[in-house]
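Just below is one structure, and these are the notes that go with it.
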Protein chains: 2
Amino acid sequence: MATIAVENYLKHVLLLSEGGADLVPMGALASALAVVPGTATTMVKALADEGLLEHLPRQGVRLTAEGRRVALNVLRKHRLVETFLVHVLKMDWSRVHEEAEQLEHAISDEVLDRLDALLGHPQSDPHGDPIPSAHGKLSSQVYATLATCVADRPLRIVRVTEQSAEFLQFAEQNGLLPGAALRVSDRNLPAGLVTVRRATGRSLALSLVAAGKILVEPER
Amino acid sequence: MATIAVENYLKHVLLLSEGGADLVPMGALASALAVVPGTATTMVKALADEGLLEHLPRQGVRLTAEGRRVALNVLRKHRLVETFLVHVLKMDWSRVHEEAEQLEHAISDEVLDRLDALLGHPQSDPHGDPIPSAHGKLSSQVYATLATCVADRPLRIVRVTEQSAEFLQFAEQNGLLPGAALRVSDRNLPAGLVTVRRATGRSLALSLVAAGKILVEPER
DNA sequence: AGATTTATTTTGACTAATCAAAATAGACGC
DNA sequence: GCGTCTATTTTGATTAGTCAAAATAAATCT
Ligand SMILES: [Mn+2]
Ligand SMILES: [Mn+2]
Ligand SMILES: [Mn+2]
Ligand SMILES: [Mn+2]
């Protein structure tokens, strides 16, 4: 069985290659895992020996088919656990990530399947992150963000790509949840500011960085 | 935070002292944890340095107040998780022990509390094992077993003290579940055999060893 | 091109947990 | 009381994962 550390390395390689990048640089991987670069190098070489990923020295890493399979299983556990914690145990969506970070390594495939059934086979977690299917399919749909979408059109939030409790609490308090309807009423690039108007009529200003974490699709 | 190994050592010291023994011998601890005796000695000395237990060389170990607190918290997680797996996820009672063995180290105190509330603050798990209270109280009620109780009196099963899937499946198939009504119809000590009659009228023979794992109380 | 900066790798050391096998302390038998 | 047996401890190694700091390769700048 893969250890917790191995599962974390593989999951983070998967997450970091989500943006389409073929090779994940060691620096990005090390900082995602909160280890020093040398540690990541050592570990990655061991994982490459195990056939879980490919290591191109000084360039980066890429999952093998087997490594991807393991990573998707862990990610599926993570996101289904988050969904369970929010929908069944009524935990705050800002705190479930930390919890799932541990539980993703502790639940068996059987519990995974039963949670999936209990929750009605959800396709995304409370943050809108897609849940890999039991067969290893992971939606890679690309969405616009509040920083990049066309202005003055009705939108719906589909995903919030940030895990920090602080940001998620802020988002919740301002109704920036998956499913919420809103539009971009103004975008001031020199100032780095995006103003959105919610369906309720309330207006709210966000930095471009914050706006870039809110993924949206055109309403209707 | 206590590591998984530390939590396991403390939990097993607690379980092994359940039978009233003041000192848990190293051999018993080592075999409960499936490690060689030397490993247990090394670990126990480290735990004693941490103030989690007392080690009387060549005699055994005893939990300190702090060690007991940690152990009870882990045991509470274990048994509430088992209850959740059986009552909510409908898993077979013979397989939840293995699962809980991992999950007991992965869930936070907050999830623990929410599970407890969801399940209606149960006092015992699916095997009848008492669940430590949130304040660290653990029922130490002593029960008779099918090997020791008085014969020909109506009884109710309160607990099955065995975790192996094999035994639990056998017990379930023969209706030997907590809550079941039955009586001892015959006990043949020379042969080492106990015969029980269930409320349904069915009779069943058990070895003394097997019968000793079924705890009962007088019916009504 | 040559110098400088930055990312990555290498080296050496450390911690937690474990095992195998040798040493030892007690208990038990007589 | 002395030898034997058994439980426990000690010693020396091993594995997984990590960090600090030095070495190196590659990219970038002048
Ligand atoms: Mn998460
Ligand atoms: Mn999520
Ligand atoms: Mn159990
Ligand atoms: Mn149990």
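What's counted below: heavy atoms across the whole structure, side chains too, no hydrogens, waters or symmetry copies. In what follows, every chain begins at residue 1, and chains take the letters A, B, ... in the order their sequences are listed.
- The CG-P distance, from B/Leu33 to C/dA17, rounds to 12 Å in whole Å.
- Of all nucleotides listed (D/dA26, D/dT9, C/dT10), D/dT9 comes nearest to the side chain of B/Thr41.
- With sequence neighbours left out, B/Glu7 forms a salt bridge (Lys or Arg N to Asp or Glu O under 4.0 Å) with no residue at all.
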Exercise answer: donor-acceptor pairs, residues 40-56 of chain B side-chain atoms, under 3.5 Å, sequence neighbours excluded:
from, atom 1, to, atom 2, distance (Å)
B/Thr41, OG1, B/Pro37, O, 3.3
B/Thr42, OG1, B/Gly38, O, 2.9
B/Glu54, OE1, B/Arg62, NE, 3.3

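- Checked against salt bridge (Lys or Arg N to Asp or Glu O under 4.0 Å), A/Lys77 has the following partners two or more places apart in sequence or in another chain: A/Asp109.
- Atom pair B/Met26:CE and C/dC19:C1' shows a separation of 15 Å (rounding to whole Å applied).
- Phosphate contact (OP1/OP2 of D/dT9, side-chain N/O of B/His55, threshold under 4.0 Å): present.
- Atom CG in A/Leu29 sits about 10 Å away from atom P in C/dT8, given to the nearest Å.
- Partners of B/Ser17 under the side-chain contact (heavy atoms from CB on, under 4.5 Å) rule, at least two apart in sequence or in another chain, are B/Val24.
- By the ring pair (Phe, Tyr, Trp, His ring centres under 6.0 Å) test, A/His12 is found to be paired with no residue, residues two or more places apart in sequence or in another chain being considered.
- As rounded to whole Å, 12 Å separates atom C1' of D/dA16 from atom CD1 of A/Ile4.
- The base of D/dT9 does not come close enough to the side chain of B/Arg58 for any donor and acceptor atom to sit less than 3.5 Å apart.
- Nearest nucleotide to the A/Pro25 side chain, out of C/dT9, D/dA16, C/dT8: C/dT8.
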N/O to N/O distances under 3.5 Å, protein versus nucleotides 19-21 of chain D:
from, atom 1, to, atom 2, distance (Å)
D/dC19, OP2, A/Val36, N, 3.1
D/dC19, OP2, A/Thr39, OG1, 2.9

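- Residue B/Asp49 contributes atom CG, which lies 14 Å from atom P of C/dT15 at whole-angstrom precision.
- Ring to ring, A/His97 and A/His127 are not that close: their centroids are 6.0 angstrom or more apart.
- Distance from the side chain of B/Lys45 is smallest for D/dT10 among the nucleotides D/dT10, C/dT8, D/dT9.
- Computed from coordinates, the B/Met43 CE to C/dT15 C1' distance equals 12 Å when rounded to whole Å.
- The stretch residues 5-21 of chain A has no heavy atom under 4.0 angstrom from DNA chain C at all.
- In this structure, a donor-acceptor pair under 3.5 Å is absent between the side chains of A/His78 and A/Asp125.
- Taking A/Tyr9 as the reference, nothing meets the ring pair (Phe, Tyr, Trp, His ring centres under 6.0 Å) condition, with sequence neighbours excluded.
- Rounded to a whole Å, the CD atom of B/Glu50 is 11 Å from the C1' atom of C/dA16.
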Which side-chain N or O atoms in residues 110-119 of chain A pair as donor and acceptor under 3.5 Å with protein atoms at least two apart or in another chain?
from, atom 1, to, atom 2, distance (Å)
A/Glu110, OE1, B/Arg95, NE, 3.3
A/Glu110, OE1, B/Arg95, NH2, 2.7
A/Glu110, OE2, A/Arg114, NE, 2.9
A/Glu110, OE2, A/Arg114, NH2, 3.2
A/Glu110, OE2, B/Arg95, NH2, 3.0
A/Arg114, NH1, B/Leu89, O, 2.9
A/Arg114, NH1, B/Lys90, O, 3.2
A/Asp116, OD2, A/Arg76, NH2, 3.2
A/Asp116, OD2, A/His121, ND1, 2.8

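- Between B/Arg79 and B/Glu104, no side-chain nitrogen of the basic residue sits less than 4.0 Å from a carboxylate oxygen of the acidic one, so the salt-bridge criterion is not met.
- Rounded to 10°, the helix from C/dA1-D/dT30 to C/dC30-D/dG1 has 10° between the axis fitted to its first five pairs and the one fitted to its last five.
- Under the salt bridge (Lys or Arg N to Asp or Glu O under 4.0 Å) criterion, no residue pair touches residues 131-140 of chain A, with sequence neighbours excluded.
- In this structure, B/Leu47 atom CG and C/dA16 atom C1' are separated by 12 Å, rounded to whole Å.
- Partners of B/Pro25 under the side-chain contact (heavy atoms from CB on, under 4.5 Å) rule, at least two apart in sequence or in another chain, are B/Ala28.
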